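See structure below.
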2 protein chains.
Amino acid sequence: MRDEISEHTTNRLSLYVRFLNELDEKGVRTVSSSVLAGQFGLNAALIRKDLAHFGDLGVRGVGYVVKDLRRELQAILGLDRKLAVSIIGAGNLGLALADYPGFRREGFRIVALFDTLREKVGQESRTGVRIYDIQELREVAHREGITIAVIAVPAASAQQVVSTVVEAGIRAVLNFSPGALRVPPDVKLKSVDLTVSLESLSFYLASVESGGRG
Amino acid sequence: MRDEISEHTTNRLSLYVRFLNELDEKGVRTVSSSVLAGQFGLNAALIRKDLAHFGDLGVRGVGYVVKDLRRELQAILGLDRKLAVSIIGAGNLGLALADYPGFRREGFRIVALFDTLREKVGQESRTGVRIYDIQELREVAHREGITIAVIAVPAASAQQVVSTVVEAGIRAVLNFSPGALRVPPDVKLKSVDLTVSLESLSFYLASVESGGRG
DNA sequence: CCATGTGAAAGTCTTCACAGCG
DNA sequence: CGCTGTGAAGACTTTCACATGG
């Protein structure tokens, strides 16, 4: 893990892990870079480059041993530790994310929701994730060992919330609010902008109509 | 709109529009590329390049006229038409997306939810989006002029669902299911992989610990 | 022989630096 | 003068092509 790994690469590693899980369940023993490439519509050399960052994971003439590669990538991605995650904002989106089965399946533990509304605090999501007052964030985060926060609050309060999260000692934030957020350089902020995603489709449709392509 | 516009560029255009809306509300008349750059942590030249794709939108020595640039970008992104959107999958995530205020605010109309479960069909989301049987997709899509579908179903049914969507004549798809989906070349598929996003944070935390950076 | 690992080439995106124009 | 628009340079990412080794 010497040189700098790009986010493009790490995102693809996640995809590889998921597919390796499937292969392992099916009892497949080895897989080649070209099979992986076919699965994801990528170039085989790119996949080998991605994996070669982490040492000689493959076997020449054979490919990659599914179980070994899977274990290796899980360790690299830190998925061998059941990270504790909290969701800030118990609105529709926050509640949906708290109960999203994909997070659990990949080894995350959603341990708490936070909100400011009195009538929500003390309640639970459908799958039983408890809603705390945001003021309890620091304490609960410490107690539960929360290392990742997911922000699902309205744009107007997002900056305030992210600051609270950072003050509570959380260094990794997944943000679903629109708009720019500022975090210290030692905090990793990843934003998913739902509106931008939809608008890129709108652009595609507009440009198809006007004769471009998109 | 001659040469090919990259998705990086169109994604940023969405951000610019949102900020221009704010500026316009505040009564700001003009804005320079360096102010925009500061807002988003980007390089000013990049912003000028993004905008220059679409003609000479700026005024030398002055900057960009907020109202004009906003209108121009909205037209480019196709946001001047209130596109009709449907959500496939009335689970937690689908319902949350159907009621997500950000979509409406940016000019989209969420006109229908679709599901296969009898007990859901005929119900409505909190804000009153009706749930139809997926079998009605073609008819409702045609009647309501739906041009964008959002996929929020479990991974196992996603490929089947996306095929149904394409058969109904919808050419733009926003996918929230994990895993690779195949669509014809004239269909634009944009995927948001929630698990990959969380895992990139996990990688960051793991690499910080092991002395790298991430 | 076969598939990996990897320099070199190609392609893409961003930044620099400055000419051009209101 | 100030800020846009842009050619050229630089940085980053992907693909090619092949040497390497089980």
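No experiment lies behind these values; they were computed from the predicted model shown. Each chain gets a letter, A, B and so on, in the order the sequences are listed, and its residues count up from 1. Just so it is clear, the values below take in all heavy atoms, side chains as well, and ignore hydrogens, waters and symmetry mates.
- Side chain of R48(B), nearest nucleotide from dC18(C), dT15(D), dT14(C): dC18(C).
- The side chain of R12(A) lies closest to dT14(D) when the candidates are dC16(C), dT14(D), dT13(D).
- The residue among K49(A) and V59(A) whose nearest nucleotide of DNA chain C lies closer to the 5′ end is V59(A).
- Here the side chain of N43(B) is nearest to one of dG5(D), dC13(C), dT15(C), namely dT15(C).
- Rounded to whole Å, the distance from CG on L36(B) to P on dT15(C) is 15 Å.
- Under a 4.0 Å N-O distance rule, the pair R171(A)/E209(B) does not qualify as a salt bridge.
- For S33(A), a side-chain nitrogen or oxygen approaches OP1 or OP2 of dT4(C) to under 4.0 Å.
- One atom, CG of N11(A), and another, P of dT14(D), lie 11 Å apart when rounded to the nearest Å.
- The side chain of A52(A) approaches dT6(C) more closely than any other nucleotide in the set dT6(C), dG5(D), dT14(C).
- Between L42(B) atom CG and dC13(C) atom P the separation is 15 Å, expressed in whole Å.
- The existence of a salt bridge linking E7(A) and K188(A) is confirmed by a sub-4.0 Å separation between a basic side-chain nitrogen and an acidic carboxylate oxygen.
- T9(A) comes within contact range of no nucleotide atom at all, as no heavy-atom separation falls under 4.0 Å.
- Rounding to whole angstrom units, NE2 of residue H53(A) and C1' of dG7(C) are separated by 14 Å.
- R29(A) and D24(A) are not joined by a salt bridge, as no carboxylate oxygen comes within less than 4.0 angstrom of a charged side-chain nitrogen.
- Straight-line distance from the CD1 atom of I5(B) to the P atom of dC13(C): 11 Å, rounded to whole Å.
- The separation between L46(A) atom CG and dT6(C) atom P is 15 Å, rounded to whole Å.
- The residue L51(A) sits apart from the nucleic acid: no heavy atom pair falls under 4.0 Å.
- For D115(B) (side chain) and G89(B) (main-chain N/O), no donor-acceptor pair under 3.5 Å exists by modelled atom type.
- Note on Y64(B): every side-chain N or O is 4.0 Å or more away from OP1 and OP2 of dG22(C).
- Paired with L189(B) under the rule side-chain contact (heavy atoms from CB on, under 4.5 Å), one option of V173(B), V166(B), L174(B) passes, and it is V173(B).
- In this structure, R60(A) places its CZ atom 16 Å from P of dC18(D), rounding to the nearest Å.
- The distance between atom CD1 of I47(B) and atom C1' of dC16(C), rounded to the nearest whole Å, is 15 Å.
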